[in-house]
Amino acid sequence: MGGEFKHLVLVKFKEGAAVDGILKGMENLVSEIEAVKSFEWGQDMEGPEMLTQGFTHAFLMTFENKEAHAAFVGHPKHIEFSATFSAAIDKIVLLDFPAIVAKPPPPA
């Protein structure tokens with residue numbers, strides 16, 4: 001049985017990009033697409049510049065499996081949003097991977 005599938009994106013936005021609007025758009029997007037199991041994001045606060053390489057934001061989406069991720073990628077709303085997102089980005093790293101749980105969260 002396969003575990004969850006993760007979609008990790010690190011970005012550096014272009015100077016003057018409407019970052020707040022993009023973040024809101026992304027939150028709306030994941031709330032509208034059921035395939036997304038969870039979504040987390042954050043902005044770097046502590047990383048030494050030498051290590052961040054200019055990247056400022058991290059986005060992590062979790063999917064039940066690879067098929068759910070494929071459904072998300074092919075979803076018309078994702079395709080539409082991708083154009084807006086791409087236009088605002090200076091640099092990006094994207095990794096899609098099956099999650100290997102080395103330390104599970106404690107039971108709730």
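Only a predicted model underlies this, so the values are computations on that prediction, with no experimental measurement involved.
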N/O donor-acceptor pair under 3.5 Å between [X] side chain and [Y] backbone:
X	Y	answer
His78	Val73	yes
Lys14	Ala87	yes
Ser31	Asn28	yes
Lys91	Gln53	yes

Next item on the list: Could you grab the distance from atom CG of Asn65 to atom CD of Glu4, nearest 0.5 Å is fine?
Entry: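 That separation rounds to 10.0 Å.
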Checklist line | Spacing of CD belonging to Glu15 relative to CG belonging to Asp90, to within rounding of 0.5 Å | finding: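 That separation rounds to 8.5 Å.
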Does atom [atom1] of [X] have more than 12 heavy-atom neighbours from other groups under 6.0 Å away?
X	atom1	value
Glu80	CD	no
Glu49	CD	no
Glu34	CD	no
Leu51	CG	yes

Check: Would you call the rings of Phe13 and His57 parallel, tilted or perpendicular, where under 30° means parallel and over 60° means perpendicular?
Finding: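 Plane angle over 60°, so perpendicular.
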How close do [X] and [Y] get, heavy atom to heavy atom, and via which atoms?
X	Y	answer
Gly74	Ile79	O-CD1, 3.4 Å
Ile22	Phe85	CG2-CD1, 3.6 Å
Ala35	Ala68	CB-O, 3.4 Å
Lys12	Gly54	CG-O, 3.2 Å

Out of curiosity, does [Y] fall in the hydrophobic cluster containing [X] (side-chain heavy atoms, cut-off under 4.5 Å, transitive links)?
X	Y	result
Phe97	Met61	no
Val36	Val11	yes
Phe72	Ile92	yes
Ile33	Met26	yes
Val93	Ile89	no

Notebook entry, point to check: Yes or no on side-chain contact (heavy atoms from CB on, under 4.5 Å) for Phe55 and Val9, after CA distance, side-chain angles and deciding distance?
Noted result: CA-CA 10 Å; Phe55 291 97; Val9 182; over 6 Å; no
Checklist line | Steps toward side-chain contact (heavy atoms from CB on, under 4.5 Å) verdict (Leu23, Phe59) | finding: CA-CA 10 Å; Leu23 296 173; Phe59 304 97; 3.5 Å; yes
